[in-house]
Amino acid sequence: PPETRAPPSVSFEPKVRLNTKPISATAEATVAKDGVTLFLDNLQDLSKKKFAPRVKAERKVTVSGKAYAVDAELALKGNVKTADVVTVSVKAPAVAGFVPKASYSTGPKGASVTMTGDVGGGDTNVELKAEHFPKKAGANVALTATVTQKLPEKMKAKLTLKDDLSGSVELHKGAAFLEAPLGKGGKPPGVGDVVFKYKKTFEYDL
């Protein structure tokens with residue numbers, strides 16, 4: 001009998017941002033099938049004739065009996081970029097409970113290495129990331145640590161800190177979350193800096 005292939009999966013993600021400034025809204029959509037995903041970013045800009053999607057291809061590669069996930073992404077000029085950007089990533093098997101991932105981009109971010117894993121019985125997720133910005137003057141290597149903690153009532157808190165102690169604090173509940181940015185040196189946010197966000201995803205098969 002002929003091989004049965006899964007139909008493409010389509011998702012639509014509107015995002016509404018409310019703060020002391022005028023309300024802003026963005027919308028994104030993705031179409032995925034057989035390891036290839038088309039990202040339709042910034043759909044709210046279609047009226048401005050700005051359309052620059054991204055496309056990513058993912059494959060599993062087995063080396064010496066171990067599985068590696070390899071993906072390549074092309075972001076067309078205009079997708080928050082000034083030129084076409086190609087990014088290649090490789091995710092290796094876990095080491096001591098942490099999954100390493102290495103990426104290289106032709107864009108300004110250059111190369112990055114990420115280690116992600118669960119601790120504390122799975123209630124806490126830790127991500128350590130080092131990024132190299134080849135065209136950045138001075139210290140062109142940036143370090144970022146992100147800790148996500150599960151809370152009661154299906155809530156979770158997320159803390160992100162960079163090497164200059166800037167970052168953000170988030171509190172998630174379902175599709176809604178609050179985000180408060182931290183300034184350099186861990187400077188606390190002002191009342192007007194706290195942002196409410198809401199993201200809803202609809203997925204269906206064509």
Once you round to the nearest 0.5 Å, how far does CG of Leu161 lie from OG of Ser166? 8.0 Å
Looking at every non-hydrogen atom in both residues, tell me the closest pair between Gly107 and Val85 and how far apart they are. N-CG1, 3.6 Å
Return a table of donor-acceptor pairs under 3.5 angstrom between the side chains of residues 57-69 and protein atoms on other chains or two or more places apart.
{"residue": "Arg59", "atom": "NH1", "partner": "Asp34", "partner atom": "O", "Å": "3.4"}

To the closest 0.5 Å, what do you measure between CG (Leu143) and CD (Glu131)? 9.0 Å
Main chain of Ser112, side chain of Ser103: is a donor-acceptor contact present, judged purely on distance under 3.5 Å? no
Measure the shortest side-chain to side-chain distance between Lys101 and Val99 over non-hydrogen atoms and say whether it is less than 4.5 angstrom. no
Does any pair with a residue in residues 143-154 pass salt bridge (Lys or Arg N to Asp or Glu O under 4.0 Å), and if so which ones, sequence neighbours excluded? none
Distance-minimising heavy-atom pair for Pro189 and Ala180: CG-CB, 3.7 Å
Does atom NZ of Lys156 have more than 12 heavy-atom neighbours, drawn from other residues, nucleotides or ligands, at distances under 6.0 Å? no
Rounded to the nearest 0.5 Å, what's the gap from NZ on Lys33 to CG on Leu38? Could you check? 14.0 Å
For Phe98 against Gly117, the heavy-atom pair lying closest together: CD2-N, 3.4 Å
Rounded distance [0.5 Å steps], OG in Ser105 versus CD in Glu73: 8.5 Å
Donor-acceptor pair, distance only, cut-off 3.5 Å: does the side chain of Asn125 make one with the backbone of Thr148? no
Interatomic spacing from CD in Gln149 to CG in Leu159 - rounded to 0.5 Å: 11.0 Å
Begin with the C-alpha distance, continue with both residues' side-chain angles, and end with the deciding distance and a verdict on side chain to side chain contact (heavy atoms under 4.5 Å, CB included) for Val90 and Tyr104. CA-CA 9 Å; Val90 178; Tyr104 176 77; over 6 Å; no
Heavy-atom side-chain contact between Val141 and Asp163 under 4.5 Å: no
Would you mind reporting whether Thr87 and Ser89 have side-chain heavy atoms less than 4.5 Å apart? yes
Val36 reachable from Val88 in the ILVMFWY side-chain graph, under 4.5 Å edges: yes
Rounded at 0.5 Å granularity, tell me how far OG1 in Thr116 sits from CG in Leu128. 8.0 Å
Run the salt-bridge test on Lys129 and Glu127 with the 4.0 Å N-O cut-off and return the result as yes or no. no
Kindly work out whether a path of hydrophobic side-chain contacts (I/L/V/M/F/W/Y, heavy atoms less than 4.5 Å apart) joins Leu178 to Met155. no
More than 12 heavy atoms of other residues, nucleotides or ligands under 6.0 Å from NZ of Lys173: is that the case? yes
Establish whether Val126 and Leu165 are linked, either directly or via other cluster members, by ILVMFWY side-chain heavy-atom contacts under 4.5 Å. no
